[in-house]
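Data block below; observations after.
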Amino acid sequence: MPTLTLPHEHPALVAQRIVSETITSGTADFGIYERSEVPSLNALADLRAVASRTLAASRSDLLTTLVPADVLDDHNAHNAAGSPRSGPRSLTNPTVRPGFMAPPTAAGTAAGVIAALHILGGQHVQLAGTELRRFTGHHPRSATPATPTTMTAWGKYTSPRLLSVQLASIGPDLRCTDQLRYRTASNRPRYPDSVQDSHRRLHSIPAVFWPALSLRIAPPAGHYQRILRPALSCMLGLTGSRLDMEEISRRLGSATSGLAASRVMQYLRRTPWWTVMQNVMTLLAEQLDAQPAPIDYERRRHLDYSSLLPPQEWDDICRRTAQFRGRERRIHAARSHLFERISGLPAELMPSETTVTEAETRKWISEFTTQLTSDLATELDHKAKAFLDRHRIHDEPLTWQPDTTFLKGLELPGTNPDAVSVATLHELIRRPRMTVTQAADLLGTSNDAVKHLLAEHPPPPRPITPGKAWATGHISAAARTQLPESELRRLYIDERLSIRDISQATGISVRVVTSLAREYDIVLRPTGRTTRAKPITKEWLHEQYTVHRRPLADLARETGMSPTSMARWARHHQIPTRRGGAGHNPALRALADGVTAPPLLRPALERRGGCEHLRNFAAAASYPTLGAAADALNIKWFTLVGQINRLERDLGGPLLERAVRGRPMRLTALGRRAKRAINKALPDQAASHTPLQRTEGS
């Protein structure tokens with residue numbers, strides 16, 4: 001038989017040595033198998049399948065770039081000599097089917113194995129897929145191109161590594177949705193995961209993609225973040241999944257539709273960054289599958305947000321942070337900011353009693369973000385955590401961002417927010433008439449990046465301007481920090497310093513100190529020089545004025561002060577005075593109630609307003625929280641709290657155990673005795689304050 005003489009290190013000899021070593025060692029460690037050794041049986045099956053595909057190629061010139069000329073000429077010469085003759089098929093006259101039958105010559109076998117080793121001997125799967133792509137077109141006897149469902153028909157016992165190469169080879173021909181399903185751009189393309197795994201991952205994906213990561217992978221121009229982020233979340237849910245796009249969009253909160261997300265993907269496919277974005281989605285999906293997010297976004301999407309940041313809480317925050325309460329649009333923007341921060345849903349989906357368009361919501365949130373300060377952001381985060389606590393979510397952080405170490409080595413098209421100097425941004429945004437667009441241009445970044453940085457790193461409050469102190473409330477906020485309630489009570493009540501003395505010691509004006517005392521519900525003493533020299537005790541004044549019925553003028557002459565000063569002492573001790581006119585009868589009734597009431601209630605009934613405070617306490621005891629009781633009784637929350645605190649001082653102990661973490665408030669032993677005494681002594685008044693019927697959603 002004629003034979004070929006091959007030189008040393010001829011590709012045919014190299015191929016023969018690799019096959020022999022694979023059989024001898026029992027595993028394959030060449031090319032795509034280098035980092036994941038495959039049993040020799042599966043590796044040889046892969047070689048046979050790829051060799052058959054190359055020999056069955058419809059174009060005869062494809063092998064010329066892979067196989068040496070001497071082997072290829074010998075192979076082609078035998079094929080030309082042994083071309084099928086006309087006539088019926090038989091065992092001696094078979095139809096030639098290249099690639100489906102064992103090659104009749106050693107040259108044919110060598111040509112197929114050399115070509116297969118050239119393809120599978122690449123450094124990684126994507127390179128092998130690119131080489132194989134030339135042979136995955138139309139079969140010479142079939143008009144159907146290779147698809148993911150026909151890849152398994154290449155032969156038995158093939159390895160998963162070959163399947164990855166096959167999927168990588170046909171990836172560019174697939175739809176963008178199938179490219180994500182089969183992860184064709186990754187280092188390990190494969191079939192989609194189970195439906196159960198796909199549903200599990202959706203719990204770790206917010207409806208709108210994480211902003212910091214979205215900014216890094218977004219193309220330089222073409223889409224706004226508000227359109228891109230919901231689509232990116234759908235793409236992440238689709239990666240390696242068997243679910244369709246509409247179901248994924250619905251499970252993620254319907255922040256976008258499946259059709260809209262598909263259109264965004266089609267746009268991204270036409271950009272040069274589509275392959276990079278596929279790799280990011282695949283790597284992030286694998287990270288979430290291995291380590292789910294610490295936040296269950298699926299649970300947060302179904303919470304009831306109707307009670308988020310009520311107006312009273314917003315008023316308290318504005319008072320503590322020296323912020324303007326603003327109109328309804330400002331509290332709506334603050335509530336929308338918290339809603340998106342907690343739920344991962346877009347702010348436009350926040351439930352609202354008023355009709356607000358998406359454009360108005362986006363505009364108001366943009367304005368609110370540029371005006372956000374660090375102290376206001378801290379207060380809002382505290383309210384958000386309290387909201388989660390009320391819904392029994394204690395084991396999750398408020399917000400979370402995925403670890404981005406997997407992005408190393410990837411050339412990303414977007415902007416990196418971490419590269420922007422936050423201090424420079426704060427300095428720019430405080431300049432007069434400086435807009436977000438101008439700041440972004442000066443920093444060389446995008447508007448969305450500036451808004452994200454201002455939301456995550458808000459600037460500190462502006463310094464106090466003396467000329468605008470009372471207009472802005474900055475002095476009140478600074479005084480509240482310098483002189484908290486405990487310190488003011490210590491100075492004014494325990495050490496008996498006057499308001500003026502406290503003002504001189506702290507440098508805070510008398511007007512502001514007086515305002516703080518009223519805010520802290522501290523009863524101010526009567527002013528005058530005799531206040532500290534001759535203090536009037538409550539017991540003495542009550543005995544002389546209430547029991548013995550002596551006029552205030554006589555008591556003033558006896559103590560050496562004016563009747564006006566004695567009247568101030570009576571108001572200070574909250575002793576009802578006897579006056580004519582409309583206020584005389586309530587004072588007499590309060591005295592009569594104090595005489596006839598049970599001893600427990602007399603200290604409260606003997607002062608002005610005590611009867612009303614007792615009625616409010618009895619009515620509030622039926623509610624789970626003081627806030628709910630204040631809403632039902634149509635009084636301010638802090639007013640009700642001050643009344644109950646005053647009653648506790650009058651009656652000699654705590655009346656209520658405040659509500660904490662889902663547990664409603666409840667009466668103490670003293671509180672139960674007081675309520676029974678109120679119902680017995682004032683039955684008609686207590687009955688008139690029955691709890692209001694709360695409607696659903698109120």
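- R216 places no side-chain N or O within 3.5 Å of a backbone atom of T415 that could act as its donor or acceptor partner.
- The shortest side-chain heavy-atom distance between L283 and E286 falls under the 4.5 Å cut-off.
- Using a 4.5 Å heavy-atom threshold, the side chains of L288 and L236 count as touching.
- Salt-bridge check for K363 with E348: failed, with every basic side-chain N at 4.0 Å or more from each acidic carboxylate O.
- In this structure, P346 and R226 have side chains that are not in contact, with every pair of non-hydrogen atoms separated by 4.5 Å or more.
- Note that CG of L412 and CG of L410 are 5.5 Å apart. Values are rounded to the nearest 0.5 Å.
- Checked against the 6.0 Å centroid threshold, H203 and Y297 do not count as a close aromatic pair.
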Candidate pair I502 and L483, rule side chain to side chain contact (heavy atoms under 4.5 Å, CB included), full reasoning: CA-CA 10 Å; I502 297 174; L483 199 61; 4.1 Å; yes
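- Using a 4.5 Å heavy-atom cutoff, the side chains of R200 and P292 are not in contact.
- Formation of a donor-acceptor pair under 3.5 Å by the T239 side chain with backbone atoms of M235 is found in this model.
- Note: T370 OG1 to K451 NZ = 9.0 Å, rounded to the nearest 0.5 Å.
- Under the 3.5 Å distance criterion, the side-chain polar atoms of T668 are matched with a main-chain donor or acceptor of P654.
- Atoms CD and CG, on Q643 and L614 in that order, are 10.0 Å from each other to the nearest 0.5 Å.
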Test salt bridge (Lys or Arg N to Asp or Glu O under 4.0 Å) applied to R301 and E340, step by step: CA-CA 10 Å; R301 284 190 281 268; E340 182 169 332; over 6 Å; no
Quick one, D381 with T378, criterion side-chain hydrogen bond (donor to acceptor under 3.5 Å, both in side chains). Give me CA distance, side-chain angles, the key distance, then yes/no. CA-CA 5 Å; D381 285 350; T378 302; 5.9 Å; no
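- Nearest heavy atom pair, residue T445 against residue A449, reads OG1-CB, 3.2 Å.
- Taking OG of S343 as the start and NE2 of H302 as the end, the distance is 11.5 Å to the nearest 0.5 Å.
- Between G652 and L670 the shortest heavy-atom distance is C-CD2, 4.2 Å.
- Considering all non-hydrogen atoms of both residues, I317 and T321 come closest at O-OG1, 2.7 Å.
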Residues L372, L380; criterion side chain to side chain contact (heavy atoms under 4.5 Å, CB included); working and verdict: CA-CA 10 Å; L372 191 64; L380 291 176; 4.2 Å; yes
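- A ring-centre distance under 6.0 Å is not found for F617 and H613.
- At most 12 heavy atoms of other shown residues, nucleotides or ligands fall within 6.0 angstrom of atom NZ in K385.
- Summarising the local packing, CZ of R431 is surrounded by more than 12 heavy atoms from other residues, nucleotides or ligands at distances under 6.0 Å.
- Side-chain atoms of R615 never come within 3.5 Å of backbone atoms of G610 as a donor-acceptor pair (strictly under, hydrogens ignored).
- A 6.0 Å sphere centred on CZ of R649 holds more than 12 heavy atoms belonging to other residues, nucleotides or ligands.
- The shortest heavy-atom contact between L633 and A619 is CD2-CB, 3.9 Å.
- In this structure, M350 CE and T361 OG1 are separated by 7.0 Å, a value rounded to the nearest 0.5 Å.
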Is there a side chain to side chain contact (heavy atoms under 4.5 Å, CB included) between L228 and F209? Walk through the geometry before answering. CA-CA 8 Å; L228 183 63; F209 207 68; over 6 Å; no
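- S503 places no side-chain N or O within 3.5 Å of a backbone atom of I499 that could act as its donor or acceptor partner.
- For the side chain to side chain donor-acceptor pair (under 3.5 Å) test with E367, the passing option among R362, R329, R330 is R329; the others fail.
- Under the 30°/60° scheme for interplanar angles, the aromatic rings of W364 and H332 are found to stand perpendicular.
- Pairing each heavy atom of V450 with each of V436, the nearest pair is CG1-CG1, 3.8 Å.
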Take L338 and Y305 through the test side chain to side chain contact (heavy atoms under 4.5 Å, CB included) and record every step on the way to the result. CA-CA 10 Å; L338 276 189; Y305 290 91; over 6 Å; no
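- In this structure, H426 contributes its side chain and H457 its backbone to a donor-acceptor pair below 3.5 Å.
- At least one side-chain heavy atom of L655 sits under 4.5 Å from a side-chain heavy atom of L651.
- A 4.5 Å side-chain heavy-atom check between D296 and R300 finds every atom pair outside the cut-off.
- Side-chain contact between R433 and Q438 is absent, with no heavy atoms from C-beta onward closer than 4.5 Å.
- Environment of CH2 in W637: sparse, with no more than 12 heavy atoms of neighbouring residues, nucleotides or ligands closer than 6.0 Å.
- A donor-acceptor distance shorter than 3.5 angstrom exists from the side chain of S257 to the backbone of A260, with no hydrogens or angles considered.
- Here the side chain of T639 pairs no donor or acceptor atom with the backbone of I635 at under 3.5 angstrom.
- Tested against I493, the residues R496, E495, R489 include a single side-chain contact (heavy atoms from CB on, under 4.5 Å) partner, R489.
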In sequence, state the C-alpha distance, the side-chain angles, and the governing distance for K383 and E379, and then conclude on salt bridge (Lys or Arg N to Asp or Glu O under 4.0 Å). CA-CA 6 Å; K383 295 300 180 183; E379 291 283 347; 5.9 Å; no
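- In this structure, R646 pairs ionically with D650, as a charged nitrogen and a carboxylate oxygen lie closer than 4.0 Å.
- Atom CG of D494 is surrounded by more than 12 heavy atoms from other residues, nucleotides or ligands within 6.0 Å.
- Taking the side chain as every heavy atom from C-beta outward, N616 and I644 never approach each other to under 4.5 Å.
- Between the side chain of R335 and the main chain of L308, a donor-acceptor pair closer than 3.5 Å is present.
- Side-chain polar atoms of S446 and D448 form no donor-acceptor pair below 3.5 angstrom.
- Although no hydrogens or angles enter the test, the distance criterion places a donor-acceptor pair under 3.5 Å between the side chain of T369 and the main chain of I365.
- To the nearest 0.5 angstrom, Q504 atom CD is 7.5 Å from S498 atom OG.
- Between the side chains of N447 and T437, at least one donor-acceptor pair of N or O atoms lies under 3.5 Å.
- Ring geometry, H391 versus F387: the interplanar angle falls from 30° to 60°, so the pair is classed tilted.
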R490 and E487: CA distance, side-chain angles, deciding distance, salt bridge (Lys or Arg N to Asp or Glu O under 4.0 Å) verdict: CA-CA 5 Å; R490 184 185 67 82; E487 179 66 11; 2.6 Å; yes
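- Inspection of the S214 and Q225 side chains reveals an N or O donor paired with an N or O acceptor under 3.5 Å.
- Here the shortest heavy-atom pairing between L524 and A517 reads CD2-CB, 3.7 Å.
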